[in-house]
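Below is one structure, written out as structure tokens; the observations come after it.
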Amino acid sequence: MEIRRLRINAQIGIEQLEELLTGLHYQKKEYVALPGEFAVRGGVVDIYPVTYRLPVRVQFQGDIPIQIRDFSLASGESMATFEEVFLIQVSDMFRKKLRRMEERLETFEPVAGTRDLERGDLVVHLKYGIGRFLGTKVIQMQGKRTRCMAIEYAASEILYLSIEEPVERYIGGSGIGPKLTKLNTQEWERIKHRTRTALYRVAKDLLEIQAKRSLLQGLAFPKDVPWQKQFEEEFPFEETSGQKRAIEEVKRDMESTGPMDRLLCGDVGYGKTEVAMRAAFKGVMGGKQVAFLVPTTILAEQHYILLKERAKNFPITVELLSRFQSPKDQKMIARSLQKGATDVVIGTHRLLSKDILFKDLGLVIIDEEQRFGVRHKEKLKQMRTQVDVLTLTATPIPRTLHMALLGVRDMSVIDTPPKNRMPVETFVIEYHENIIKQAIERELARKGQVYFVHNRVQSIERVHERMQKLLPGVRFGVMHGQMQVDMLEAAMKAFLKGEIDCLISTCIVESGIDIPNVNTLIVDRADCFGLADLYQLRGRVGRFKEKRQAYAYFLIPKDWVMTQDAQKRLHAIEKFTQLGSGFKIAMEDLEIRGAGNLLGHEQSGFIQAVGFDLYCRMLKKAVEEVKNG
């Protein structure tokens, strides 16, 4: 019998390991479920060795396995790490035994398809209610062998349903698991009836808001002027089809008489800023002022530099308003806005202060609205009835996602990645200085730059010292929100010019900073970040002009016991690496944090009772029925 050893730091790439496993008669699957199977996902290979009680996960960095650990199929938790594992050939006798055992124990297979269902997930069926998805199984149905979904309901009753049946993953409203529905009772119908009644009240409220908005007369911007075409032709990249569609929709809204309130959802790095720049230019060409509101001073500075550069050939005045300016400069800009001498102002929530008045404001662009506080959101809500509003987001918060899907709020989606964009290779691994050293050295070897995110201001200088000792030849810089304005600006500009190799920063870099030469991200204590934050951070890399693989390392402390929510977040960021994962991340975040803030806390009980997807569909139906009387 052939036995092969797999050791960490051995010279063996993923393709070579695949060949080795195939030679040992292991079967390649999407997910491992049984001994003798393996699966490949990005820089990770899962193997279920025939002589081990649990499968193992092999983490690669380039062509070197850097970590081997086992994991539970049920929870994903790791029990032990290994220096090496022994791989024994899968014999025909073992295969036969496995097949017999599978039939005898009625093992359910993972679902195939695009539903993102995993065994153990809670699911909702419109007719039967909430159950637990066990997998799929071939059974005799009407004299034919048919693959069916197996769903467990209350009292351990298992219902077999056709793969075609409309089943959705349950996403609840409070983070607490629901009760499984009792089959052959009126329980589920009663729950749906109560939810339906509550939703009619919500539908009436929503339609009243909509009716009030439709009566408002907004400003109709004129059609594109010749300068608009010239401005757009200066865009140095080719627009994607998603960008073109979004630009048309925004312009159509601006040219109509009703006030625009459009949500522009595009994945990180998909070109939302360019759509915003064109809308801003159109606003100024229509004789109005434009306010571009962003969550951080760093992002305000960057958008300012970008728009100033784009608009340099046109008679447009662009100003920056944030704490980067002295109080004297801020007063001067405030006066200029009031007189109408400034066309576009880019700034943080400072723009919402009482002393900031506009002579003739026509368009407000809001980047990542969910990052603003409740007080600021109220001010923005008032603005929506007075001027055109364009909101940009990479991970829609539940409320905006939900309202947009219902059509209560207009939405554009940029769903096509820019040319040459590749998914970021993502690792969730324990903190080890060797991993950090190799990751930074590999990026600098190809003349790239690195973000190292450490989100504690108190200890960031200690991290800086430790990194200098680890890599004495590397040029490090430090940046955080409590620095003096001129130091913060100097660090940012030095990094932009390539004078800093590795920027050690707090999470202030997560919002929209676009430096194409940075293609390695290292996040310290990744278990302390929210899912949307991790996703935004990962979006800072992978923007190189030509095809270039980018890497994200999410580090957790060695032998650390994480909370269940932190495990879910890190599992999600590792799972959703494909381009365009923003919507999936938003739904996953909704599941982790609960959906209580969707339409007020009184609705969270109903979301909990029927699941988010069914709740949305029932609300949509209620809106249509109330509309039609």
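Residue numbers run from 1 in the order of the sequence given. Note: hydrogens, waters and symmetry copies are ignored here, and every other heavy atom, side chains too, is used.
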Just checking, is any N or O donor in the side chain of [X] or [Y] under 3.5 Å from an acceptor N or O on the other one?
X	Y	value
Q458	R462	no
R262	S412	yes
S459	H454	yes
T342	S336	yes
R538	T426	yes

Are [X] and [Y] close enough for a salt bridge, meaning some N to O gap below 4.0 Å?
X	Y	answer
E248	K244	no
R350	D355	yes
K251	E232	yes
K312	E234	no

Using 30° and 60° as the class limits, which term best fits the ring planes of W227 and F314: parallel, tilted or perpendicular?
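Rings of W227 and F314: perpendicular, over 60°.
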Dump the intermediate steps for side chain to side chain contact (heavy atoms under 4.5 Å, CB included) on L488 and M479, then the final yes or no.
CA-CA 6 Å; L488 191 59; M479 196 168 81; 3.2 Å; yes
Inter-residue atom distance [X].[atom1] - [Y].[atom2], 0.5 Å rounding:
X	Y	atom1	atom2	value
L307	I316	CG	CD1	7.0 Å
L293	I366	CG	CD1	6.0 Å
T393	Q536	OG1	CD	7.0 Å
I504	Q468	CD1	CD	7.0 Å
F452	D524	CZ	CG	4.5 Å
D533	C528	CG	SG	11.5 Å

Hey, does the side chain of [X] reach the backbone of [Y] with a donor-acceptor pair shorter than 3.5 angstrom?
X	Y	result
N455	T506	no
R245	V413	yes
T348	T297	no
Q449	I500	yes
T296	L299	yes
Q228	R278	yes

Compare all side-chain heavy atoms of [X] with those of [Y] and state whether any distance is below 4.5 angstrom.
X	Y	result
M467	V474	no
I365	V290	yes
K308	H303	no
N517	R548	yes
I414	K272	yes

Does the Lys NZ or Arg CZ of R569 fall within the cation-pi geometry relative to Y535 - under 6.0 Å from the ring centre and within 45° of the axis?
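No cation-pi geometry.
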Taking the cut-offs as 6.0 angstrom to the six-membered ring centre and 45 degrees off its axis, would you call R310 and F231 a cation-pi pair?
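Pair R310/F231 counts as cation-pi.
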Where is the tightest heavy-atom contact between [X] and [Y], given as atom of each residue plus distance?
X	Y	value
A334	I356	CB-CD1, 3.9 Å
K359	Q338	CB-O, 3.2 Å
I346	A300	CG2-O, 3.7 Å
V509	L537	CG2-CD2, 4.0 Å
F358	A291	CZ-CB, 3.8 Å
A622	L199	CB-O, 4.0 Å

Around atom [atom1] of [X], are there more than 12 heavy atoms from other residues, nucleotides or ligands closer than 6.0 Å?
X	atom1	result
R456	CZ	no
F237	CZ	no
M487	CE	no

Not counting sequence neighbours, which residues clear salt bridge (charged side-chain N to carboxylate O under 4.0 Å, His left out) with R525? List them please.
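R525 satisfies salt bridge (charged side-chain N to carboxylate O under 4.0 Å, His left out) with D527 only.
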List, one per line, each side-chain donor-acceptor pair under 3.5 Å for residues 281-288, sequence neighbours excluded.
from, atom 1, to, atom 2, distance (Å)
K282, NZ, P222, O, 3.0
K282, NZ, D224, OD1, 2.7
K282, NZ, E255, OE2, 2.8
K288, NZ, D360, OD1, 2.7
K288, NZ, D360, OD2, 3.0

Any residue meeting ring-ring contact (aromatic ring centres under 6.0 Å, His included) with F554, in chain and number order, not counting sequence neighbours
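Checked F554 against ring-ring contact (aromatic ring centres under 6.0 Å, His included); zero matches.
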